[in-house]
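Atoms considered below: every heavy atom in the structure, side chains included; atoms not considered: hydrogens, waters and symmetry mates. Naming convention: chains lettered A, B, ... in sequence-line order (proteins, then strands); numbering from 1 in each chain.
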Number of protein chains: 2
Amino acid sequence: MDGQVKSLLKKHSLRLTQGRKDVLSIFLHRNIAISHSDIESDIDGKYDRVTIYRTLKSFLEKGLIHKVLDDSGATRYALCNDNCSEAEHQHNHIHFKCQSCDETTCLDHVNIPSVTLPDGFQMAESNFLITGTCAKCA
Amino acid sequence: MDGQVKSLLKKHSLRLTQGRKDVLSIFLHRNIAISHSDIESDIDGKYDRVTIYRTLKSFLEKGLIHKVLDDSGATRYALCNDNCSEAEHQHNHIHFKCQSCDETTCLDHVNIPSVTLPDGFQMAESNFLITGTCAKCA
DNA sequence: GTAACTGCAAAATATTTGCATCCTT
DNA sequence: AAGGATGCAAATATTTTGCAGTTAC
């Protein structure tokens with residue numbers, strides 16, 4: 001796991017600092033979309049709130065994580081898949097938010113269906129969020 | 001238009017106050033998803049910031065408007081269609097956010113395709129946001 | 001008349017910026 | 001050594017809450 005953390009950071013041209021390793025570990029351990037405050041409570045004061053904001057921003061810019069839309073207003077993030085880089089994101093999976101346990105998961109095996117847009121509209125990215133009850137809470 | 005405003009408010013069991021009429025008018029005039037700050041700049045101090053928050057909350061609870069997902073963190077709202085009520089929301093259209101003009105529109109004629117969820121997952125609502133270039137900006 | 005709505009003040013939460021210091025490369 | 005990362009302070013933005021006064025029904 002530690003080797004994975006290092007190689008992921010290196011792969012995305014990010015310096016190997018303890019803070020980044022710890023934050024990335026959280027993403028790897030919890031396979032759900034997490035927010036700034038999730039991380040803050042996980043590390044429990046080990047790093048400054050501002051540092052976490054900047055860490056997330058760096059990860060975002062380098063294509064290590066992506067934003068997960070949420071209907072509650074909270075900003076959440078999830079690990080990108082291997083195909084993502086600073087240059088281009090390649091996400092085609094649906095996000096599912098459970099109304100019961102409040103967890104947002106990436107449905108990696110459910111692809112976003114293609115849609116036909118009206119004349120003149122050009123798609124760049126798409127985000128699909130489904131709300132409901134997850135398998136654990138059903 | 002004024003009659004439409006009144007009947008819409010009545011239909012959703014909302015008292016006819018000037019503030020609500022004005023806010024609802026903004027939604028009717030601008031057929032795009034708007035945020036709290038959009039409204040605030042539109043009314044230009046006529047009502048308190050807090051009142052607008054509470055107005056939006058009331059509209060939301062009574063099924064007059066719905067939240068529109070946004071990738072920038074801003075919370076936006078759009079008018080519900082006729083089928084929505086306090087009890088149930090019935091949205092099946094895709095939202096399109098233009099990266100150029102920053103406007104979010106409801107693509108009323110593009111339905112959200114149905115997807116098959118993994119075993120145990122149950123869908124309640126779905127939100128589909130496509131980012132790209134709109135017809136005006138292409 | 002009464003419950004709901006509004007404005008003002010203030011608190012709580014979320015996010016960003018500047019700067020000095022420290023650490024990775 | 002140099003540029004990037006961090007911590008602290010503080011500014012800004014966003015949203016919520018309490019309370020007193022006002023208004024719609």
Review point. For residues 31-52 of chain A, which residue pairs qualify under ring pair (Phe, Tyr, Trp, His ring centres under 6.0 Å), counting only residues two or more places apart or in two chains?
Key: A:His36-A:Tyr53
**Study point:** For atom CD of A:Glu40 and atom C1' of D:dT6, their distance in whole Å
**Key:** 15 Å
Exercise for review: With sequence neighbours excluded, tell me which residues meet ring-ring contact (aromatic ring centres under 6.0 Å, His included) with A:Phe59.
Suggested key: none
Point to revise | Residue pairs fulfilling ring pair (Phe, Tyr, Trp, His ring centres under 6.0 Å) with at least one residue in residues 118-138 of chain B, sequence neighbours excluded | key: A:Phe96-B:Phe121, A:Phe128-B:Phe128
Point to revise | Which residues share a salt bridge (Lys or Arg N to Asp or Glu O under 4.0 Å) with A:Arg54, sequence neighbours left out | key: none
**Study point:** Rounded distance in Å - CG (A:Asp22) to P (D:dA5)
**Key:** 16 Å
Check your understanding: How long is the line joining CD1 of A:Ile52 and P of D:dA5, in whole Å?
Key -> 16 Å
Point to revise | By salt bridge (Lys or Arg N to Asp or Glu O under 4.0 Å) - contacts of A:Asp48 (at least two apart) | key: none
Review point. Under the side chain to side chain donor-acceptor pair (under 3.5 Å) test, which residues partner A:Asp108, sequence neighbours left out?
Key: none
Exercise for review: To the nearest 10°, let me know how far the axis at one end of the helix from C:dG1-D:dC25 to C:dT25-D:dA1 is tilted from the axis at the other, five pairs an end.
Suggested key: 40°
Revision key, fill the gap. The side-chain contact (heavy atoms from CB on, under 4.5 Å) partners of A:Arg15 (sequence neighbours excluded) come to A:Thr17, A:Arg20
**Study point:** Sequence neighbours excluded, every pair satisfying salt bridge (Lys or Arg N to Asp or Glu O under 4.0 Å) that has a member inside residues 127-138 of chain B
**Key:** B:Glu103-B:Lys136
Review point. Does B:Ile130 reach the side chain of B:Val110, with side-chain heavy atoms less than 4.5 Å apart?
Key: no
Review point. With a cutoff of under 4.5 Å between side-chain heavy atoms, which Ile, Leu, Val, Met, Phe, Trp and Tyr residues group with A:Val50?
Key: none
Exercise for review: Starting from P on D:dA5, measure out to NZ on A:Lys21 and report it in whole angstrom.
Suggested key: 14 Å
Study note, to complete from the structure: A correct 5'-to-3' footprint of nucleotides 9-18 of chain D, with B, S and - meaning base, sugar-phosphate only and no protein heavy atom under 4.0 Å, is B----SBBBB
What does the list of N/O pairs under 3.5 Å between the protein and nucleotides 21-25 of chain D look like, with a distance for each?
residue : atom : partner : partner atom : Å
D:dA24  : N3   : B:Arg15 : NH1          : 3.4
D:dC25  : OP1  : B:Leu16 : N            : 3.1

